[in-house]
Chemist: 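Sharing a structure, written as structure tokens. Questions coming.
Heavy-atom basis, side chains included; hydrogens, waters and symmetry copies ignored. Sequence lines set the chain letters: A, B, ... in the order given, protein chains first and strands last, and positions in each chain run from 1.
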Number of protein chains: 2
Amino acid sequence: MATRANGIKRTYQNTEQRQSTIVEAVVHLCGEQDPSTLTTARITEEVGLSQGALFKHFPSKSCLWESVARWVSEQLDQRVFSVADEHERADKALEAMFLAHIRFIARNPGIPRLMLGELQKPGNRPAKRIVRQTLSNYRQKVITLINRGVGQQCITATIDTEAAAVLYLGAIQGLVVQAMIGGDIQSLEQTAPRIFRLYSASFQEVSDAPQA
Amino acid sequence: MATRANGIKRTYQNTEQRQSTIVEAVVHLCGEQDPSTLTTARITEEVGLSQGALFKHFPSKSCLWESVARWVSEQLDQRVFSVADEHERADKALEAMFLAHIRFIARNPGIPRLMLGELQKPGNRPAKRIVRQTLSNYRQKVITLINRGVGQQCITATIDTEAAAVLYLGAIQGLVVQAMIGGDIQSLEQTAPRIFRLYSASFQEVSDAPQA
DNA sequence: ACAATAAAAGTAATCAATTACTTTCTTTAA
DNA sequence: TTAAAGAAAGTAATTGATTACTTTTATTGT
């Protein structure tokens, strides 16, 4: 007893733990396959549960995706946005955040698929709203940093701030797409510094660091 | 008579015409909904055919996607890559190609969804191979142009060419994602020149045009 | 008339969700 | 302290809807 048809011992977890387990399994699976082809059966197989058990913890598949989107948003906050605060100089903060984001993606290759996949869906599903909100925050964070950099005179005052924010996110996108084409996730972290160096060349002051 | 259940008159086309009609309908529909959710029923409804009729012209849905990918590749050749040849100076050619690409996307909003969606799928489906090949060609075209620009002394000789090619495609990606977030495709063409100006600032020679 | 083109009706497979029921965990009263 | 009661977490099987694809029947231009 206490076993399933395939002989694997059943493990009991409370709903909170299970939800975390399942959400992280989804993120992991997105690294291996297109999110839109992820079935509830595949997800529960990954965590060692029967297909129906999923609905003990999420009222619907759509609610599961909402939880996944929230998880991604929190992780970006903790692992990417937060590193910017450790730097006084805005250009250094931008670079640190850029590299942290690439590191995060390299460790969780499903993330871009997840976010892009959600953005591609039409309508206003909750999960899409969360992704949109997260990217909006990100954009605002970059704009604020660039403006601070202008004040610190490490970024040229003539910069087109909004364009620079778009290009910042584009630089990350470009790296990701390049990795997708090559099918080589590991190349991400190697190439990232070169991309950021080129990106920052577009707004760097000629003079050296003014402070610190 | 000569009508279908819904009263729409039946129209006869030979297979070649039908294939074109269907492929273009798919591209159009990708502008409105996630490609992975496109059903054969939705596609045929769009062109005014019964669902089963699709398989008179394509042996399988996968073959249809292959044709769609080929169509996109050809359009990129004709409407984007070709404009680069109209400019002697490499930096002007890059700019023209960039803006042509954005114009192409603005006219066919389904294109990024289509290509990204295909890239996100794992494995080596024919359609994915075509998209990958197309993007590889694109990348090589950009690299060649940048190198020519160095020779023409309108691009700084110290440039990291490969990084510049990644950032070029990233700039387009960034614009597209930004438009996806805002849900505003029309903003694309307005913002594009600003993004390219910033992008080109990263490798522009300080001196003015050397020739022409 | 007849071959091409399409509609209509079907099929097997797949999917999210539900059901009826079992096992484990947790709480609490004696 | 502990055993009984109930809540929570699990399974296996099934459902209705949807899907890509097939087969059969009807219509059309030549």
Side-chain angles (χ1 to χ4, degrees), chain A residues 1-26 29-30 33-68 117 121 123 125-127, chain B residues 1-23 25-26 29-30 33-68 117-118 121 123 125-127:
Chain A
M1 46 235 54
T3 58
R4 309 196 309 155
N6 55 17
I8 294 175
K9 193 129 198 275
R10 177 190 300 168
T11 67
Y12 274 63
Q13 294 180 12
N14 63 33
T15 285
E16 207 173 335
Q17 290 172 314
R18 264 300 173 223
Q19 285 173 338
S20 292
T21 307
I22 291 172
V23 164
E24 282 164 39
V26 168
L29 284 171
C30 285
Q33 90 187 77
D34 185 10
S36 65
T37 69
L38 256 191
T39 65
T40 53
R42 179 71 189 89
I43 293 166
T44 49
E45 178 198 333
E46 181 75 9
V47 298
L49 284 182
S50 63
Q51 186 256 342
L54 187 140
F55 296 92
K56 290 275 190 242
H57 308 291
F58 296 95
S60 71
K61 199 190 185 189
S62 162
C63 288
L64 167 57
W65 280 114
E66 193 178 336
S67 291
V68 170
K121 290 174 190 163
R125 297 180 23 161
Chain B
M1 43 235 70
T3 58
R4 310 193 309 155
N6 55 18
I8 293 174
K9 192 140 199 275
R10 180 187 296 179
T11 66
Y12 277 64
Q13 295 179 11
N14 62 33
T15 286
E16 205 174 335
Q17 290 172 314
R18 267 296 177 220
Q19 286 173 338
S20 291
T21 307
I22 291 172
V23 164
V26 168
L29 284 170
C30 284
Q33 89 187 74
D34 185 11
S36 65
T37 69
L38 255 192
T39 64
T40 53
R42 179 70 189 90
I43 293 167
T44 49
E45 179 198 331
E46 182 74 11
V47 297
L49 282 182
S50 63
Q51 187 257 343
L54 185 140
F55 296 91
K56 286 283 179 194
H57 309 291
F58 295 95
S60 73
K61 199 190 185 189
S62 162
C63 288
L64 166 57
W65 279 113
E66 193 178 335
S67 290
V68 171
E118 218 39 66
K121 290 176 191 161
R125 298 179 21 159

Chemist: As an exercise, state the distance from CD1 of B:Ile22 to CD of B:Gln17, rounded to the nearest 0.5 Å.
Modeler: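 Between atom CD1 of B:Ile22 and atom CD of B:Gln17 there are 11.5 Å.
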
Chemist: Could you check how far CD of A:Gln19 sits from P of D:dA8, rounded to whole Å?
Modeler: 13 Å

Chemist: Using a 4.5 Å cut-off on heavy atoms from C-beta on, say whether the side chain of B:Glu118 contacts that of B:Val68.
Modeler: no

Chemist: How about A:Gln13 and A:Thr21: does a side-chain donor come under 3.5 Å of a side-chain acceptor?
Modeler: yes

Chemist: Compare side-chain N and O positions of B:Ser50 against OP1 and OP2 of C:dA6 and report whether any pair is under 4.0 Å apart.
Modeler: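 No, because none of the side-chain N or O atoms of B:Ser50 sits under 4.0 Å from OP1 or OP2 of C:dA6.
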
Chemist: Between C:dC25 atom P and A:Gln17 atom CD, what is the distance in whole Å?
Modeler: 11 Å

Chemist: Whole angstrom is fine here: how far is it from CZ in B:Phe55 over to C1' in C:dT5?
Modeler: 16 Å

Chemist: Per the side chain to side chain donor-acceptor pair (under 3.5 Å) rule, which among A:Thr39, A:Thr40, A:Thr44 passes with A:Gln51?
Modeler: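 In the set A:Thr39, A:Thr40, A:Thr44, the residue that makes a side chain to side chain donor-acceptor pair (under 3.5 Å) with A:Gln51 is A:Thr40.
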
Chemist: Taking the side chain of A:Thr39 as its heavy atoms from C-beta onward, which of C:dA6, D:dA20, C:dC15 lies nearest to it?
Modeler: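 Of the candidates, C:dC15 comes closest.
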
Chemist: Does B:Arg18 have a side-chain nitrogen or oxygen under 4.0 Å from the phosphate oxygens OP1 or OP2 of C:dA6?
Modeler: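 So the side chain of B:Arg18 is within the cut-off, an N or O lying under 4.0 Å from OP1 or OP2 of C:dA6.
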
Chemist: So what does B:Leu64 touch, heavy atoms closer than 4.0 Å: a base, only the sugar-phosphate, or nothing?
Modeler: nothing

Chemist: Can you tell me how far C1' of C:dC15 sits from CD1 of A:Ile43, to the nearest Å?
Modeler: 12 Å

Chemist: Checking all strands, does B:Leu38 fall into the base, sugar-phosphate, or nothing category for heavy-atom contacts under 4.0 angstrom?
Modeler: sugar-phosphate

Chemist: Does any part of the side chain of A:Leu38, heavy atoms only, come nearer than 4.5 Å to the side chain of A:Cys30, both counted from C-beta?
Modeler: yes

Chemist: Do any side-chain nitrogens or oxygens of A:Lys61 fall under 4.0 Å of OP1 or OP2 in C:dA16?
Modeler: yes

Chemist: Does D:dG10 have OP1 or OP2 under 4.0 Å away from a side-chain N or O of A:His57?
Modeler: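 Yes.
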
Chemist: Roughly, in whole Å, what's the span from CG in A:Leu54 to P in D:dA13?
Modeler: 19 Å

Chemist: Check every strand shown and say whether B:Ala53 touches a base, only sugar-phosphate, or nothing at a heavy-atom separation below 4.0 Å.
Modeler: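 Counting heavy atoms under 4.0 Å across all strands, the contact made by B:Ala53 is with sugar-phosphate only.
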
Chemist: Rounded to whole Å, please give me the gap between CD1 in A:Ile22 and C1' in D:dA9.
Modeler: 11 Å

Chemist: So, is A:Thr15 near the phosphate of D:dA9, with a side-chain N or O under 4.0 Å from OP1 or OP2?
Modeler: yes

Chemist: Of the nucleotides D:dC21, C:dA7, D:dG10, which has the atom closest to the A:Gln13 side chain?
Modeler: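 Closest nucleotide to the A:Gln13 side chain: D:dG10.
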
Chemist: Nearest whole angstrom, please: distance from the P of C:dT5 to the NZ of B:Lys56.
Modeler: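 Distance, rounded to whole Å: 9 Å.
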
Chemist: What I want to check is whether an N or O donor and acceptor connect the side chain of A:Gln51 with the base of C:dC15 at under 3.5 Å.
Modeler: no

